[in-house]
Protein chains: 2
Amino acid sequence: MPDMPPLGDTGLAFVRHDHSHCAKDTLARADALSNARGARMTPVRRRTLEILLESHKAMGAYDVLERLVADGFGNQPPVAYRALEFLVEQGLAHRIRRLNAFAACMHPGEAHVPVFLICTSCQLVAEAPADDVRGAMDAAAASIGFVIERTNVEAVGRCPACRGNRACR
Amino acid sequence: MPDMPPLGDTGLAFVRHDHSHCAKDTLARADALSNARGARMTPVRRRTLEILLESHKAMGAYDVLERLVADGFGNQPPVAYRALEFLVEQGLAHRIRRLNAFAACMHPGEAHVPVFLICTSCQLVAEAPADDVRGAMDAAAASIGFVIERTNVEAVGRCPACRGNRACR
DNA sequence: GTTGACTTGTTATGCTATAACATACGATAT
DNA sequence: ATATCGTATGTTATAGCATAACAAGTCAAC
């Protein structure tokens, strides 16, 4: 494995890492989770997750669909949207609204508030841990009597690599 | 003015208030701000802001367009999108990505991090003050060397009124 | 009054997402 | 085994959101 900075898997998208391992591990956890919950990890769904896991970039539903078609699955939008919806519901993927796209969850099963950091140069998306953020939001909401059910927290900016390199990866 | 709870204009969307005043005031501030910046508050743009200010609901670009057409402006999507884009750039309106919609800013000119609370029952959108949220996000980003430029923070849930009423407004 | 920057109008198109219905699959109970 | 019911997938069609590209008009500065 290449030299890896002393980070956990936080911001993993932005550092070099053994990606095949990272994907395999996540897939295994995904299977286990689905079984535990009685959810059915069918072929399209599993393949969709694999596709998302191939990179840390967010993918549009139609890009995913293209890949699914190549693998012999149905070639109409609902095929992709349904699989993606399932993964999101199971917490195995997230929807990045700013990009009209989807990305595999890097912490399936762990309670976490997803906060997405989207690099404007290289399009990579990192999930940062930010439970503080949810706390602050709950507090703000509570002050006006609002009860939060779900959140979308996204930020665009520049990742460490792109701030350093002119060319970018 | 009807009895008003002891809040500032935080969460204004969810309390009864003299809305005509609130809109007029915001419009005046918008004019002043645009002038100060050398931005041109043209008729379409001003009318677009007025339309957004008519309610605290978020409006889709096509809904805004419909209104603009009725007022004699051009009837093609770019007319609405351009005006809305201008307002967003000037900080006079916000884009609510979760809803593919736009809402007038309730605090134009004030430095603030918009955090949107979207009621799933009545569709009203409130802007809560949550500078803490931005702080937490910056901290999370900094820990992986990411520099945030802009944020989208949105939450869906139920507003005080809708939690109380079965019927909702 | 001409230049140049910006704004608006218009045409056309592309991308994103879902409703609705038909068919197939899988687990369970009889 | 097979009937049944819930779930999943395939397919058709369409709705909804957004922007590229070009033409025409407006306005201020020189």
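Side-chain atoms are counted along with the backbone in the values below, which use heavy atoms only and exclude waters and symmetry mates. Chain A is the first sequence line, chain B the second, and so forth, proteins listed ahead of strands; every chain is numbered from 1.
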Side chains of residues 72-86 of chain B: which donor-acceptor pairs under 3.5 Å do they make with residues two or more places apart or in other chains?
none

Side chains of residues 43-52 of chain B: which donor-acceptor pairs under 3.5 Å do they make with residues two or more places apart or in other chains?
{"unit_1": "B/R45", "atom_1": "NH1", "unit_2": "B/R40", "atom_2": "O", "d": "2.9"}
{"unit_1": "B/R46", "atom_1": "NE", "unit_2": "B/D31", "atom_2": "OD1", "d": "3.2"}
{"unit_1": "B/R46", "atom_1": "NE", "unit_2": "B/D31", "atom_2": "OD2", "d": "3.2"}
{"unit_1": "B/R46", "atom_1": "NH1", "unit_2": "B/E50", "atom_2": "OE2", "d": "3.1"}
{"unit_1": "B/R46", "atom_1": "NH2", "unit_2": "B/D31", "atom_2": "OD2", "d": "2.5"}
{"unit_1": "B/R47", "atom_1": "NE", "unit_2": "B/D71", "atom_2": "OD2", "d": "2.5"}
{"unit_1": "B/R47", "atom_1": "NH1", "unit_2": "B/E50", "atom_2": "OE1", "d": "2.7"}
{"unit_1": "B/R47", "atom_1": "NH2", "unit_2": "B/D71", "atom_2": "OD2", "d": "3.3"}
{"unit_1": "B/T48", "atom_1": "OG1", "unit_2": "B/V44", "atom_2": "O", "d": "2.7"}

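Applying the side chain to side chain contact (heavy atoms under 4.5 Å, CB included) rule to B/S55 yields the partners B/K57; only residues at least two apart in sequence or on another chain are considered. Applying the side chain to side chain contact (heavy atoms under 4.5 Å, CB included) test to A/N100 and every residue at least two apart in sequence or in another chain returns nothing. For B/A130, the side chain to side chain contact (heavy atoms under 4.5 Å, CB included) test picks out A/A140, B/V115, B/V133, with sequence neighbours left out. B/N152 pairs by the side-chain hydrogen bond (donor to acceptor under 3.5 Å, both in side chains) definition with A/R98, not counting sequence neighbours.
Annotation: B/E66, atom CD; neighbour count of heavy atoms from other residues, nucleotides and ligands within 6.0 Å does not exceed 12.
Computed from C1' positions of five pairs at each end, the angle between the two local axes of the helix from C/dG1-D/dC30 to C/dT30-D/dA1 equals 20°, rounded to 10 degrees.
Within the structure, the salt bridge (Lys or Arg N to Asp or Glu O under 4.0 Å) test picks out the following pairs touching residues 136-150 of chain A (sequence neighbours left out): A/R134-A/D138. Residue pairs satisfying the ring-ring contact (aromatic ring centres under 6.0 Å, His included) criterion with at least one member in residues 118-152 of chain A, sequence neighbours excluded, are listed as follows: A/F146-B/F14.
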* Could you go through the side-chain contact (heavy atoms from CB on, under 4.5 Å) check for B/L92 and B/S34 one step at a time? => CA-CA 9 Å; B/L92 300 171; B/S34 301; 4.1 Å; yes
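Residues B/H94 and B/F102 fail the side-chain proximity criterion, which asks for heavy atoms closer than 4.5 Å.
A donor-acceptor contact shorter than 3.5 Å links the side chain of B/E154 to the backbone of B/R97.
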Could you list all N or O pairs between the protein and nucleotides 6-8 of chain D that sit under 3.5 Å apart?
{"unit_1": "D/dA8", "atom_1": "OP1", "unit_2": "A/R45", "atom_2": "NH1", "d": "3.3"}

Tabulate protein N/O versus nucleotide N/O from nucleotides 15-22 of chain D, keeping only pairs under 3.5 Å, one per line.
{"unit_1": "D/dA18", "atom_1": "OP1", "unit_2": "B/R95", "atom_2": "NH2", "d": "3.0"}
{"unit_1": "D/dA18", "atom_1": "OP2", "unit_2": "B/Y81", "atom_2": "OH", "d": "3.0"}
{"unit_1": "D/dA18", "atom_1": "O5'", "unit_2": "B/Y81", "atom_2": "OH", "d": "3.3"}
{"unit_1": "D/dA18", "atom_1": "N7", "unit_2": "B/Y62", "atom_2": "OH", "d": "2.8"}
{"unit_1": "D/dA18", "atom_1": "N6", "unit_2": "B/Y62", "atom_2": "OH", "d": "3.3"}

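Here the P atom of nucleotide D/dT11 and the CG atom of A/L68 are 13 Å apart, to the nearest Å.
When DNA chain C is scanned 5' to 3' for any atom under 4.0 Å from a heavy atom of chain A, the first and last hits are C/dT16 to C/dG26.
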